[in-house]
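Model, not experiment: these values are computed from the prediction. Counting starts at 1 for both ligands and their atoms, following the listed order.
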Amino acid sequence: MELPVLNNIAPDTSKDGCSAGSCGSTSDQMNHLPEHIREKVFNHPCYSEEAHHYFARMHVAVAPACNIQCNYCNRKYDCANESRPGVVSELHHPVQAVKKVLAVAATIPQMTVLGVAGPGDPLANPQRTFETFRMLSEQAPDIKLCVSTNGLTLPEHIDELTKYNIDHVTITINCVDPDVGAKIYPWIFWKNKRIKGREAAAILIEQQQKGLEMLVARGILVKVNSVMIPGVNDKHLEEVSKIVKAKGAFLHNVMPLISEAEHGTYYGLTGQRGPTHDELQALQDSCAGDMNMMRHCRQCRADAVGLLGEDRGSEFTMDKIEQMDINYPEAMKMRAEVHAAINEELESKRLARESKVQLVNIQGVQNKEVTRPVLMAVATKGSGVINEHFGHAGEFLIYEASPEGVRFIGHRKTTPYCEGGDTCGDGESVLDKTLKVLAGCEVVLCSKVGIEPWGPLEAAGIQPNGEHAMEPIEDAILAMYEEMRTAGKLVQKSAEQQMAA
Ligand code: CLF
Ligand code: SF4
């Protein structure tokens with residue numbers, strides 16, 4: 001099949017007055033960004049929290065080999081039930097990968113970013129990775145190209161990366177101290193030799209830092225991923241955050257270690273635990289300062305397709321793609337229309353959100369109240385609205401509402417209550433597990449909640465609410481917060497009042 005060339009369908013912001021700056025990036029966090037940076041992030045689902053509700057990414061698994069070993073990785077192929085980095089069902093050659101990207105672009109118009117993230121290290125497979133990028137930069141110029149690497153060979157590939165308009169590079173940096181690194185990386189393969197222990201970690205760290213500096217000097221946005229490993233690097237990651245920020249990294253993504261024994265990783269087999277939700281949030285908060293923190297990462301598979309949090313990869317296997325009959329010109333027209341509609345929606349939501357925050361603040365001030373923050377869980381399938389049934393939710397997004405507005409905290413995975421059967425296989429009921437997942441939340445907003453879970457949710461101190469179905473998430477949260485405030489549930493006693501009590 002002759003592969004089509006996609007039109008450049010970057011939104012025409014000149015006509016509708018909707019610039020990337022005003023309608024794209026997580027407005028609260030990114031308003032301070034210069035225009036050329038906002039243009040790069042406003043429709044990138046990983047670099048903008050707001051964008052991740054609307055825009056999708058896909059990965060193509062063209063990079064099988066890796067040049068280091070991490071203690072949290074065991075690259076297996078064909079494990080479609082797992083959802084974690086380094087795992088894929090189907091490995092592709094660059095030509096197949098491009099065919100797949102074009103088919104996905106035509107079928108999922110919200111897909112704006114193509115990433116190469118494994119299942120090994122993209123830069124340990126430079127021919128396959130760069131051939132894929134080269135073809136895509138010619139055939140699909142509207143798709144943003146993104147790469148994620150361990151950084152070992154990054155410095156030697158910077159020139160090649162800049163050739164294909166790659167604006168986004170992720171480096172996984174778990175430490176800046178070789179003693180810490182020696183506990184994470186048993187070996188690296190460097191200049192045709194296997195190097196172990198502290199020496200290996202020292203080389204890797206040096207290459208990562210050099211690569212970061214070189215990318216920043218070229219104006220490429222760098223996201224740093226760090227895996228939080230309790231007892232190994234958790235106390236150290238604040239320092240990592242400070243250093244990468246000082247060197248110009250754009251975003252820091254602290255992710256929890258995944259270490260189930262059945263994954264067969266070193267950490268999994270030796271009982272190394274991952275962090276709790278609270279530990280992760282505390283570290284993310286302490287790293288934050290004025291650094292942009294990513295809190296919506298879903299630790300995607302190396303062949304993930306769709307919105308973050310969903311995986312439509314099984315719809316796009318090579319045999320299915322061969323059977324597809326796609327009218328590419330029509331599909332590309334539709335992509336342009338969908339993107340324009342999303343941009344318009346984002347702009348109107350941003351304006352509405354600003355006025356609502358002001359309203360809550362004004363009401364709070366008029367009533368001379370100091371209200372406390374509240375955690376709320378949200379069930380959504382995307383598009384930034386409350387549109388998922390409580391029983392169908394495989395994850396909940398967690399937000400904090402406070403007099404300052406609405407802050408995204410993270411996501412928590414669960415087994416969908418309606419699909420889970422009576423127990424999770426360990427004797428605990430699916431509902432009990434979900435109640436644990438929602439610990440700390442006072443409200444759960446869904447499109448619908450059945451009668452059965454209603455009572456247990458209330459008994460656990462979590463108010464179920466289906467009254468804001470199809471409303472924008474932040475509007476619904478602010479409305480709930482206001483309702484709680486007027487009901488007198490949010491009054492925060494002053495220090496003097498607490499003393500007197
Ligand atoms: Fe992929 Fe990574 Fe690019 Fe995103 S994922 S290469 S920056 S397009 Fe995103 Fe997935 Fe987290 Fe990665 S949610 S694992 S951060
Ligand atoms: Fe696995 Fe990635 Fe580490 Fe390589 S760099 S061992 S693929 S996690």
Side-chain angles (χ1 to χ4, degrees), residues 40-41 43-49 51-52 55-77 83-88 101 111-125 129 132-133 143-154 166-174 181 184-189 200-201 204 207-208 220-227 229 250-259 263-267 292-311 313 395 410-411:
K40 286 179 184 174
V41 299
N43 65 353
H44 194 307
C46 302
Y47 281 69
S48 158
E49 192 274 315
H52 101 278
F55 294 106
R57 55 72 185 104
M58 71 174 289
H59 291 163
V60 283
V62 293
C66 192
N67 46 12
I68 71 173
Q69 180 62 52
C70 305
N71 280 333
Y72 48 75
C73 179
N74 172 19
R75 291 189 310 287
K76 280 192 286 183
Y77 295 71
S83 184
R84 64 196 171 86
V87 180
V88 294
V101 174
M111 194 276 286
T112 47
V113 177
L114 176 275
V116 177
D121 186 74
L123 301 184
N125 304 262
T129 297
T132 306
F133 284 144
I143 295 177
K144 286 185 161 68
L145 303 178
C146 194
V147 65
S148 175
T149 175
N150 61 41
L152 183 63
T153 61
L154 184 53
I166 295 168
D167 283 334
H168 304 81
V169 174
T170 296
I171 317 173
T172 300
I173 301 180
N174 294 319
I184 303 171
Y185 308 106
W187 55 259
I188 65 168
F189 199 71
L204 179 63
Q207 290 291 102
Q208 290 171 337
I220 294 174
L221 289 190
V222 182
K223 172 163 71 63
V224 169
N225 281 0
S226 301
V227 180
I229 311 162
F250 174 76
L251 196 61
H252 191 193
N253 173 23
V254 178
M255 309 179 293
L257 172 73
I258 299 172
S259 60
H263 294 163
T265 63
Y266 173 81
Y267 282 148
N292 288 323
M293 297 299 292
M294 178 181 188
R295 296 172 193 257
H296 59 283
C297 176
R298 302 301 203 279
Q299 295 177 278
C300 317
R301 293 163 57 104
D303 58 1
V305 174
L307 292 172
L308 302 193
E310 74 174 3
D311 192 358
E395 67 171 17
H411 73 285

### Query
Hey, is atom 3 (Fe) of ligand 2 within less than 2.8 Å of some N/O/S atom on Cys70?
yes
Find all atoms of ligand 2 within a distance of less than 4.0 Å from any non-hydrogen atom belonging to [X], and give their numbers and elements.
X: Tyr72; result: 8 (S)
X: Pro119; result: 7 (S)
X: Gly120; result: 7 (S)
X: Ile68; result: 4 (Fe), 5 (S), 6 (S)
X: Cys66; result: 4 (Fe), 5 (S), 6 (S), 7 (S)
X: Asn150; result: 5 (S)

### Message
Out of the candidates Asn71, Asn174, Asn150, only one should pair with Tyr185 under the side chain to side chain donor-acceptor pair (under 3.5 Å) rule; please name it.
### Response
Asn174
### Task
Let me know which of Thr170, Thr172, Asp121 forms a side chain to side chain donor-acceptor pair (under 3.5 Å) with Thr149.
Asp121
### Query
For atom 15 (S) of ligand 1, which candidate among His296, Lys223, Met58 holds the nearest heavy atom?
Lys223
Under 4.0 Å, counting heavy atoms only: does [X] come that close to any atom of ligand 2?
X: Ala124; result: no
X: Gly118; result: no
X: Tyr185; result: no

### Query
Taking the inter-plane angle between the rings of Tyr47 and Phe250 on a 0 to 90° scale, is it parallel (under 30°), tilted (30 to 60°) or perpendicular (over 60°)?
parallel
Atoms of ligand 1, numbered as shown, that sit under 4.0 Å from any heavy atom of [X]:
X: Arg298; answer: 11 (Fe), 13 (S)
X: Leu308; answer: 13 (S)
X: Cys146; answer: 3 (Fe), 6 (S), 7 (S), 8 (S)
X: Val113; answer: 8 (S)

### Query
Got an N, O or S from Cys297 under 2.8 Å of atom 11 (Fe) of ligand 1?
yes
#### Entry: N, O or S atom of Cys300 closer to atom 10 (Fe) of ligand 1 than 2.8 Å
yes
Give the minimum heavy-atom separation between [X] and [Y], together with the two atoms involved.
X: Ala302; Y: Gly118; value: CB-C, 3.7 Å
X: Leu152; Y: Phe189; value: CD2-O, 3.5 Å
X: Val305; Y: Asp311; value: N-OD1, 3.3 Å

If you measure from [atom1] on [X] to [atom2] on [Y], what distance do you get to the nearest 0.5 Å?
X: Lys144; Y: Arg57; atom1: NZ; atom2: CZ; answer: 16.0 Å
X: Cys146; Y: Ile166; atom1: SG; atom2: CD1; answer: 9.0 Å
X: Leu257; Y: Tyr267; atom1: CG; atom2: OH; answer: 7.0 Å

### Query
Can you find a non-hydrogen atom of His59 under 4.0 Å from ligand 1?
yes
### Query
Just by modelled atom types, is the Ile173 backbone N or O under 3.5 Å from a matching donor or acceptor in the Ser226 side chain?
yes
### Message
Has His296 got a side-chain atom pairing as donor or acceptor with Pro45's backbone, closer than 3.5 angstrom?
### Response
yes
